[in-house]
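Shown next, in structure tokens, is the structure this report addresses.
The structure displayed is predicted, hence computed values, not measured ones. Read the numbers this way: they start at 1 and go in the same order the structure lists the ligands and their atoms.
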Amino acid sequence: MNVSVIGGGYVGLVTGACLSELGHNIEIVELDETKVARINKRDSPIYEEGLSDILNRHTGKRLIARSDYNGIPDSLITFICVGTPESEDGSANLNYIISASQSIGKALKGSKKPHTIIVKSTVPPGTTENIVAPEVIAHSGRPEGTIRFGMNPEFLREGRAVYDFFHPDRIVIGTNDARTFNEIKELYADLKAPILHTSLVAAEMIKYTSNAFLATKISFSNEIGNICKKLGIDVYEVMEGVGLDSRIGPLFLNAGAGFGGSCFPKDVSALIRLAKSLGYEPDILSAVMKVNEAQPERLIEILKKHLSNLKNKRICILGLAFKDNTDDIRESRALVIIRLLLKESAEIIAFDPLAMDATRAVFPEIEYAQSAAEALNNADACLIMTEWPEFSSLNSEFEKMKTKVIIEGRKVLKRKDIEGICW
Ligand code: UDX
């Protein structure tokens, strides 16, 4: 099928590239010319495992990027994969969704060919029906019914997005008519996964609910972890026993410094905002955020127990990305920790295998090391902030520290002479 994808960010680029791997012809529409040039040169603007191989196979053949909407009428389907960032009041900012819908509408003006528009961005329930569809129809000047709409949320984890695309737990297709459902289903015909047909609004809500539930599992584990720490119990042993209950499941029960990234914090905030706007006080969701925000402060409290005064103390931070296998630092707990340490006038030296350039742009004032060993050299304390597997093999490197205070915000080390945020 000929498919256009609006947005060449994490979701758009991965979706477009993976659809080209499934045999579809993909045109990615991205307004940033630099990104367009990089995609067309097979130089991925983001780090995502397996993505470069796909770009190498299909760019210039089944996959191209461009910065205008002129190719839209030649495609049968257009995916909207633009960002829905957090507004100041916590709600989802739909500006990019609105401008993409208007541009698609204008591009479809005059065309008589059938066209289906599928929203993949995370949007509050009702957005596809009440914002996207009317904007497209109004700007296309076409009669209602000649353009159809669907909502097909993504469940891609950063760093593992290509794997997740090809091995989904489920494919959710929200449409209000069977024809659109069958068309979208056909796109994914080669993937083995249960396909769920829902209403447009339910598909939109499934995405928020999934992210909110996963975030709840993490904050719940952190709360249990905080209690376990006071009792001297290993929360990881506890959660292993809890996760073996098939009604609960073993994943997303890792206690630690809390969740970051481009999805959980923004989506839980947007759901809270939405609930409040409807006159409902979402106590559980608010507590999920509260526990998450308090975890970095707990880490600093533990650090202060060891070093009392942090002024001019040399603190080594291992891990800056919001999780392993990505260069993304959005909402990373490491950045919250850096801010708190700077307030205490600590001296910071950081190392991350992928995320140092991004962090340097936010915190040019701190020191960056070329390796974990260099960062640990002469440090008064070390905080482990990202679950990078390579940190688990650090051992003799800790001997170079001035004082061996090692505190884990993520459980990666095997040694006994350390303390964890909740273990
Ligand atoms: C998430 C969802 O998993 C994905 O389905 C959705 O489409 C986008 O948001 P992502 O943000 O890429 O994906 O990362 P994820 O692996 O879910 O981790 C999010 C955060 O939670 C990270 O900061 C991670 O360190 C933290 N986490 C995760 C925990 O603290 N404990 C866990 O058990 C799991």
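- The protein heavy-atom contact nearest to atom 30 (O) of ligand 1 is R410 NH1, 3.1 Å.
- Note: F220 CZ to I248 CD1 = 7.5 Å, rounded to the nearest 0.5 Å.
- With hydrogens left out, the protein atom closest to atom 29 (C) of ligand 1 is I218 CD1, 3.6 Å, a heavy atom.
- No hydrogens or angles considered: a donor-acceptor pair under 3.5 Å links the side chains of R148 and T180.
- Side chains of E27 and N2: no donor on one and acceptor on the other come within 3.5 Å.
- A donor-acceptor contact closer than 3.5 angstrom links the side chains of T116 and E183.
- When only non-hydrogen protein atoms are considered, atom 14 (O) of ligand 1 lies nearest to K323 NZ, 3.0 Å.
- For ligand 1, the atoms sitting less than 4.0 Å from at least one non-hydrogen atom of N211 are 2 (C), 6 (C), numbered in the order shown with element in parentheses.
- Nearest to atom 2 (C) of ligand 1 by heavy atom, out of F155, Y10, F264, is F264.
- In this structure, atom 4 (C) of ligand 1 lies nearest to the protein heavy atom L156 O, 3.7 Å.
- Any N or O atom pair closer than 3.5 Å counts here, and E158 shares at least one such pair with ligand 1.
- Taking distance alone, with nitrogen or oxygen atoms compared against 3.5 Å, E154 approaches ligand 1 more closely than that limit.
- Using a 4.5 Å heavy-atom threshold, the side chains of M239 and I224 count as touching.
- In this structure, V162 and E49 have side chains that are not in contact, with every pair of non-hydrogen atoms separated by 4.5 Å or more.
- Scanning the protein heavy atoms around atom 7 (O) of ligand 1, the nearest turns out to be K207 NZ, 2.9 Å.
- Within the structure, the closest approach of C263 to ligand 1 falls below 4.0 Å when heavy atoms are considered.
- Looking only at heavy atoms of the protein, atom 3 (O) of ligand 1 is closest to R157 CG, 3.4 Å.
- Neither side chain, N325 nor W388, offers a donor N or O lying under 3.5 Å from an acceptor on the other.
- Scanning R160, E331, E387 for the heavy atom closest to atom 24 (C) of ligand 1 points to E387.
- Counting heavy atoms under 4.0 Å from ligand 1, residue L253 touches it through the backbone alone.
- In this structure, a donor-acceptor pair under 3.5 Å is absent between the side chains of K400 and N377.
- Ligand 1 has G260 within reach: a non-hydrogen atom of the residue lies less than 4.0 Å from it.
- Put simply, the residue from V14, T78, I26 that forms a side chain to side chain contact (heavy atoms under 4.5 Å, CB included) with V5 is I26.
- D177 and T175 share no donor-acceptor pair across their side chains, judged by distance under 3.5 Å alone.
- From the protein, the heavy atom lying nearest to atom 22 (C) of ligand 1 is F322 O, 3.5 Å.
- In this structure, atom 33 (O) of ligand 1 lies nearest to the protein heavy atom N254 N, 2.9 Å.
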